[in-house]
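Below is one structure, written out as structure tokens, with a few remarks after it.
Quantities reported herein were computed from a predicted structural model and do not represent experimental measurements.
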Amino acid sequence: MASRKTPLHAVHGGLGARFTDFAGWSMPLRYTSELAEHHAVRKAAGVFDLSHMGEIEVSGPEAGRALDHALANEPSKFGVGRARYSMLVHESGGVLDDLVVYRLAETEYLIVANAGGVQVVGSVLRDRVDGYAATVRDASGDWALIAVQGPASAAIVGDAADTDLTFLKYYGITPARLADQDVLLARTGYTGEDGFEIYCRPAAAPGIWQAVSAVGAPYGLLPCGLACRDTLRLEAGMPLYGQEITVRTTPFDAGLGRVVVFGKRGGFVGEDALAARRDAAPTRVLVGLTTAGRRAPRPGYAVLDPGGESVGEVTSGALSPTLGHPIAMAYVAADCQEPGTKVLVDIRGSRVDATVVQVPFYHR
Amino acid sequence: MSLPADLRYTSDHEWIATDEVSTVGITAHAADALGDVVFLSLPAVGSTIVGGRPCGEIESTKSVSDLIAPADGEVVEINEAAVAAPEVVNRDPFGQGWLFRMRITGVGDLLDATAYAALIEGA
């Protein structure tokens, strides 16, 4: 099956992007150097095409209550124009997808799912809102998504939208005009920097991309691909669905128990399993690791105690472009979770010294 | 990108400048496919390597690839500058980004630039 192309595919081609297949989409992996793109986001700004992400609209008089029942947190309590990180949890407590849920209006929500999860999220939500006065619509085809991330992003997006954006707080969303187009402008992201996500109609995406690129160029903005998005989110300690969180992990395993709201009126799917998991002593915990040398731990590599016994497994790892040394996230036995604990990582047959550290690895 | 005509190539995307002491590197095509090279593990000077077998590793931000020996022989020098600053492999793969030098004792089929160009265009 041919990969799907975003409305910006031709723009990326013109910029010389190298493409990769990601969750059925042909996406820019990088344009020139993923390290240069990474540093641009940390020091200036980067613009990303995230149009592969899925958008699901849930609306109706009982949309909030329906989502309280369907999701791990409590969307009915979100203020209008606010967003929260959330999760769709299986009855077993395992995570089906991680989400950002925006409350656009009293009875209207926009849920952003991973590209690989949008079909599952759509069908599970449809089942779970059954009986509530709310409808679920997979609106992914109606939205393109452009992210502008980095310390210069507020100046760039503010210039491009001819608006002072100080009113838009972290995890807020507002309708705006940008490049003569109606957009939804959110102060969200996945890089550990200040940043914006611009939700627009697919046909509007090339014009908005060009406007942001033109305004951003003097600031040092670069077009950025998925390669640097992964190292940026890893430095920021943000989990990636399919690596740190899967249907076999609960939010508590991943250190994200704070997302779960217990005691909601009417309960929610997965509550019993999650309550049991909350109250049980954890057997494995997601931690950060740093290692000696320059060889990065990679997903699937074994974590060993100093005696050589297996105590866990790496889920993500890279040589941190910002910090200059390898960083990784790993699930380890609970008795290895204290920062400062010395462990080993088996890097293709050689055992490398590693230390458990606090995440995030990088603070802006 | 143009391929130096005086080099020979392998289907594993290495180049070799054959001489009394032959110089080995990876092609621009390989460097571009890997992305930014951040770590090189090269065979030890004095070690014997076997054509077609892994003799080191090239690590980029996103992946790890084996470095495949292009011929049988003895490693006589490695590019310490590239080990210290691996980005030279991306910047100048056919020049300053060379990886090691070897004395060849046996060699299989190598590709000329035309054949290698056909290989990567067909890929």
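For B:S63, the part sitting under 4.5 Å from any heavy atom of chain A is the backbone (N, CA, C, O) and nothing else. The parts of A:S33 that come within reach of chain B are both its backbone and its side chain, each placing non-hydrogen atoms under 4.5 angstrom from that chain. Proximity to chain B is limited to the side chain of A:R30, based on heavy atoms less than 4.5 angstrom apart. With a 4.5 Å cut-off on non-hydrogen atoms, B:E87 does not touch chain A at all. Residue contact with chain B, scored on non-hydrogen atoms closer than 4.5 Å, involves the backbone and the side chain of A:R294 alike.
Side-chain N or O atoms of B:E59 include none that pairs as donor or acceptor with a backbone N or O of A:R295 at under 3.5 Å.
Annotation: B:Q96, atom CD; neighbour count of heavy atoms from other residues, nucleotides and ligands within 6.0 Å does not exceed 12. Other residues, nucleotides and ligands contribute at most 12 non-hydrogen atoms within 6.0 Å of the CZ atom of A:R248. Heavy-atom contacts from other residues, nucleotides or ligands closer than 6.0 Å to CZ of A:F22 number 12 or fewer.
Nearest approach of A:R18 to B:D32, heavy atoms of both residues: NH2-OD2, 2.8 Å. The two residues B:T61 and A:A318 have their closest heavy-atom pair at O-CB, 4.3 Å.
Salt-bridge check for B:K62 with A:E34: failed, with every basic side-chain N at 4.0 Å or more from each acidic carboxylate O.
Screening B:N90, B:V37, B:D36 against A:L35 for a side chain to side chain contact (heavy atoms under 4.5 Å, CB included) leaves a single residue, B:D36.
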